[in-house]
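Okay, structure first, notes after.
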Amino acid sequence: MSLLIPGRIADLVLFLIFCGTILVLTLQASGGKKFELKRKLAALDAMPEAIGRAVEMGRPVHYTPGGNPLYGVRGTHIQMGLVISGYVARLCARLGSKLIISVATAEQIPLAEEIYRGAYIAEKVPLAQPDVRFYGKGDPPFGAGCIETIYKERVAVNMIIGGSGSDFPIIAEGAFRAGAFQIGGNANVFMIPLVVASCEYTLIGEELFAAGAMLSEDPSQLAGIVANDLSKLFIIAMILLGVVLMTAGNSTVLQLLKI
Amino acid sequence: MTSYDVALSLLASGLVLMILSFLYRESGWFSFAEHIVVGGLSGYGAAIGIKNVYYQGLTPLAQGQFWYILAIIAGLLLFAGLFKTLAWWVRVPTAIMIGTGIGLNMRAAVETQVTAQLIDTVRSINTASLTTNINNLIIVIGVCCVIMFFFFSTESKGALKPVGIVGRYFLMISLGSSFAYAVMGRTSLMIARFQDLLSYPNYYTIFLAVALVLYDILKQRKTS
Amino acid sequence: MKLETLLKIDSRWIFLAFLLAVAIPIIRPIGLPLKISENTKQVYDAVESVPDGGIVVLTPDFSYDNTGELLPMLETFLNHLFTKNIKVVSVSYYGAASPLLMETAMKSVGLETYGKEYGMDFVNLGYIAGDETAVAAFGADVHALVKVDHYGTPISELTIMENLRSAEDIDLEISLSAGMNYPELYLRQWQTTFGTKVTGGSVGLIYAPLIPYISSGQLLGYLPSMRGAAEYELLSRKPASAIVGMDSQSLVHLVFIAAIILCNIGVLGSYLKPEGGEDET
Amino acid sequence: MTTVIGKKEIPVIIVALLSLLMIVPFFINAPALNSMSTEVQRMLVPIAGFALILGGLNVTLRNITKISKRSKDWQFSIVLLATFVFFLVVSLIPSPFFENLYTMAYVTVLGKVNEAVMALIAVFMATMAYRGFKIKNFETLLFTLSCLVVMIANAPIGEAVWAGAPGARNWIMDYPNMAGMRALNIGIALGIMAYGVRTMMGHERIALGDIEIKVKKE
């Protein structure tokens, strides 16, 4: 029995290349090398302004990382949503806005509360109890519950950033009818079109994952994004090489990918 | 149909209409139905939770799979958040779930989202049919341009600018068509609801709902 | 009338148009034309080509969230299967709700109407936990994995199960799935090992990623959502709920198209307006 | 920090070890590791079970506070608590009477109400389309046109109106749509990798609940 699994060797090699690039650049960043990103995300710049407006209106901000479990197929999307919730919570604490976080799966409750509380401690703002709400198992109670919360609390800004599934249209439209300003972020290819059609500012696909690192402004996190750009160049080069060879009647790249 | 079935059926369609009443406006009716949904499914969820703990956690433990004690401890630590002094410990069970999530996502990402996609992208543009050649070229150009559109470390100017623009165009076409595809399946759910609502004895509730909405419209006319 | 007013239609009018588009054809079917696609014919032929007395395994891998799309399809398949001399075994790997949905479908189809008998021509084996491992185990040795049916009857007492020992005995697998991995499970575990033929249908959302399997011939056609079910009903000459839904589908799509066109006429209006914010020169 | 492993490092170590446990047996033939990773995944079920109980507590406590404070619409909270208890009891107690009650309440009532919530999606998408597909420039023109073409082809009546619609839709789905989705997927995969690696190395602490220690480096 060989150590490598046939059919997954190419996957392993690509995996090691991608992770290796990220690892090397991150270590370089820890060693003091500076990385700079040229492309800015409008959605992140819009956040403070939106929250500021909510403060002026005296109405709360509603945030949800979306309806999937922490450890499932879209686990990392949800986790990224929770990471961004940390920055939103800090902004809310700093600007003095009330924040409500709705979670769709129960195991997110303690983590969301911990992040919420931590953000207020970091900003040195007193907080009695983090307002994290859970509504029940599955998308229907989550969607209906979020609408109810948005209406009853007269939410001014609604952010749905993370791994929303079919709960997205319900919450987004409910918030629109309540007159809330919306920022959406999603990396679920089925839901991205709805995000683009319904939100003022969006973080789509990879931008969601880059957003966390950009908000941290920590060079070792930014390094990961730069490393991904290098990996993308590698992928494009591989596609072009493969296509040129295939056109010439040589399927080496294709065969290599299938190992 | 017994009178019992009729009553249940009327109850169900009444609640369904209360949910749909949100389309007209947010009201106490919708709130009522929403509270039923939330109460029902969190109760059901808690029951499922207890069952899962019993059958998948305590039963294997009782059968001698001692390592399940770790799962039980981790599960109990989730409740640490209820006590301010112990709150830190919720990070342990969440770290377990986050670690598994990251691992599962990372291992699936390369195979399904990269390798499989690359295999299908590497196509010949020198086949016998001209249309196939053009179509294959569209895929190659499209994939490369959209990847370039998501570049973060370089500014989109000079030679890169048109690439980014073409990428954006491809992205827009694909998002528009995906939106249209999502409509079909979602509509079926509403059709099924209405087939149910328009059958005996449920249609009586519709008359009632329409009457209520008309009354509300008239009342609002008067006040305004 | 100013064209810009079209930009500010109260969303409730759109909702009303939508609901009417759904409701009217249900009350009074219009019978808009429907063309049967090649793909649906393929599914129909696959079922037709099951030999006399053959065994079909039907796996309803969905839950209550998807009944709107998949229940009509399940009923259509059952209606077609029971008109022929085919034994139907139902089993699910999705969740505890699936066998209950199978019961619902059976209630509306009715075994007696076709002169069939439970245990002879049909059996509901219920839900089996364990996902892929369970599918593999079922394929290797049915009797080792399953001991009783959904109602607790030992399967040794059911005559239908005598001829079903492993996936080799399955003449056709019909998978109705709400998750993309389900048809893939049967392809991986049963088709590659035992050469089982696989067909079925899925919800609209996961249909697009399955198309490659159809074009490669691994799936013998696959029905997309209610549309597929409606075409199938037409083919098997058993018009039921899905075909009624098709008129609604058509009208709803028209509402969407109209909404998009109306708002763009409004946009055009705001450009043509002389003192408008956007200066067109 | 390099010598002493503090309390703060525990979650990072757990994350790193568990994600490696999931990744390694996927690529390398190691039956022992593989069965270990399946076992860990199985052990998540009871942990998530505890989480669901916690979720029930979250909902009930919130509503009990609402009732005790007599805040707006507190009567609804009583309805909520009653349904909570009812469904908890009927789904939990294994006796034929309660099982019947469960089938009745869940299948014939709550299931349908759930579906009604999901059915709202389709209607909401109509207004999203009305607001989101405004042609302002070439990009939005493409966005709108591709949507319209696919919609016409997907409507069962579409073929009767425009015979070429299904062909046009299939072309859009098979080529431009596929290219866009493919690139999105590749980008998302890379994003997941970067996030995973930085969390495993302990740079991304917020996902682990650690937010205080984050100091902006100027």
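Predicted model only: the values in this text are computed from it and were never measured. Values below: every heavy atom of this structure, side chains too, minus hydrogens, waters and symmetry copies. A note on names: the letters A, B, ... follow the listed sequences, proteins ahead of strands, and every chain is numbered from 1.
One finds the OG1 atom of A/T105 at 9.0 Å from the CG atom of D/L52 (value rounded to the nearest 0.5 Å). Expressed to the nearest 0.5 Å, how far CG of D/L54 lies from CD1 of A/I109 amounts to 4.5 Å.
Under the 4.5 Å side-chain criterion, counting only non-hydrogen atoms from C-beta, D/T199 is not in contact with A/Q79. For the pair A/Q221 and D/M201, the minimum side-chain heavy-atom distance is 4.5 Å or more. You'll find the side chain of D/D210 stays beyond 4.5 Å of the side chain of A/E114, heavy atoms only.
Looking at D/K72, the atoms closer than 4.5 Å to chain A (heavy atoms on both sides) all sit in the side chain, from C-beta outward. Neither the backbone nor the side chain of D/P11 comes within contact range of chain A; no heavy atom of the residue lies under 4.5 Å from a heavy atom of that chain. At a 4.5 Å heavy-atom cutoff, the contact between A/S166 and chain D is made by backbone and side-chain atoms alike. Within the 4.5 angstrom heavy-atom criterion, atoms from both the backbone and the side chain of A/A187 approach chain D. Residue D/F124 touches chain A through both its backbone and its side chain, counting heavy-atom pairs closer than 4.5 Å. Contacts between A/S30 and chain D at a heavy-atom distance below 4.5 Å involve the side chain alone, from C-beta outward. Looking at D/N114, the atoms closer than 4.5 Å to chain A (heavy atoms on both sides) sit in the backbone and in the side chain alike. Both the backbone and the side chain of A/A119 come within contact range of chain D, with heavy atoms under 4.5 Å apart. Within the 4.5 angstrom heavy-atom criterion, no atom of A/I84 approaches chain D. Neither the backbone nor the side chain of A/I9 comes within contact range of chain D; no heavy atom of the residue lies under 4.5 Å from a heavy atom of that chain. There is no contact between A/A112 and chain D, counting heavy-atom distances below 4.5 Å. Neither the backbone nor the side chain of A/Y116 has a heavy atom closer than 4.5 Å to any heavy atom of chain D.
Within residues 173-194 of chain D, the residues approaching chain A closer than 4.5 Å by heavy atoms are, in numerical order, D/M181, D/L184, D/N185, D/I186, D/G187, D/I188, D/L190, D/G191, D/I192, D/M193, D/A194. The stretch residues 142-152 of chain D places D/F143 near chain A, each with some heavy atom under 4.5 Å from a heavy atom of that chain. Proximity to chain A at a heavy-atom threshold of 4.5 Å picks out D/L44 from residues 35-47 of chain D, in numerical order.
Considering all non-hydrogen atoms of both residues, A/S220 and D/H203 come closest at OG-ND1, 3.2 Å. The two atoms that bring D/I206 and A/I115 nearest to each other are O-CD1, 3.4 Å, heavy atoms only. Smallest separation of non-hydrogen atoms from D/Y195 and A/V83: CE1-CG2, 4.5 Å. Residues A/F209 and D/R198 come closest through the heavy atom pair O-NH2, 3.2 Å. Counting all heavy atoms, side chain and backbone alike, D/M128 lies closest to A/A172 at CE-CB, 4.0 Å. Between A/A106 and D/A51, the shortest heavy-atom distance links the atoms CB-O, 3.0 Å.
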Step-by-step side chain to side chain contact (heavy atoms under 4.5 Å, CB included) determination, D/I121 to A/I170: CA-CA 6 Å; D/I121 296 174; A/I170 305 181; 3.6 Å; yes
Evaluation steps, side chain to side chain contact (heavy atoms under 4.5 Å, CB included), between D/V197 and A/L23: CA-CA 7 Å; D/V197 172; A/L23 216 62; 3.7 Å; yes
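The greatest number of non-hydrogen atom pairs below 4.5 Å with chain D, out of A/L70, A/N228, A/D11, A/T76, is found for A/N228. The candidate with the highest count of non-hydrogen atom pairs below 4.5 Å against chain D, out of A/T26, A/L82, A/T21, is A/T26.
Applying the ring pair (Phe, Tyr, Trp, His ring centres under 6.0 Å) rule to pairs touching residues 27-70 of chain D yields A/F15-D/F27, sequence neighbours excluded.
When atom types are taken as modelled, the side chain of A/R133 and the backbone of D/R62 share no donor-acceptor pair closer than 3.5 angstrom.
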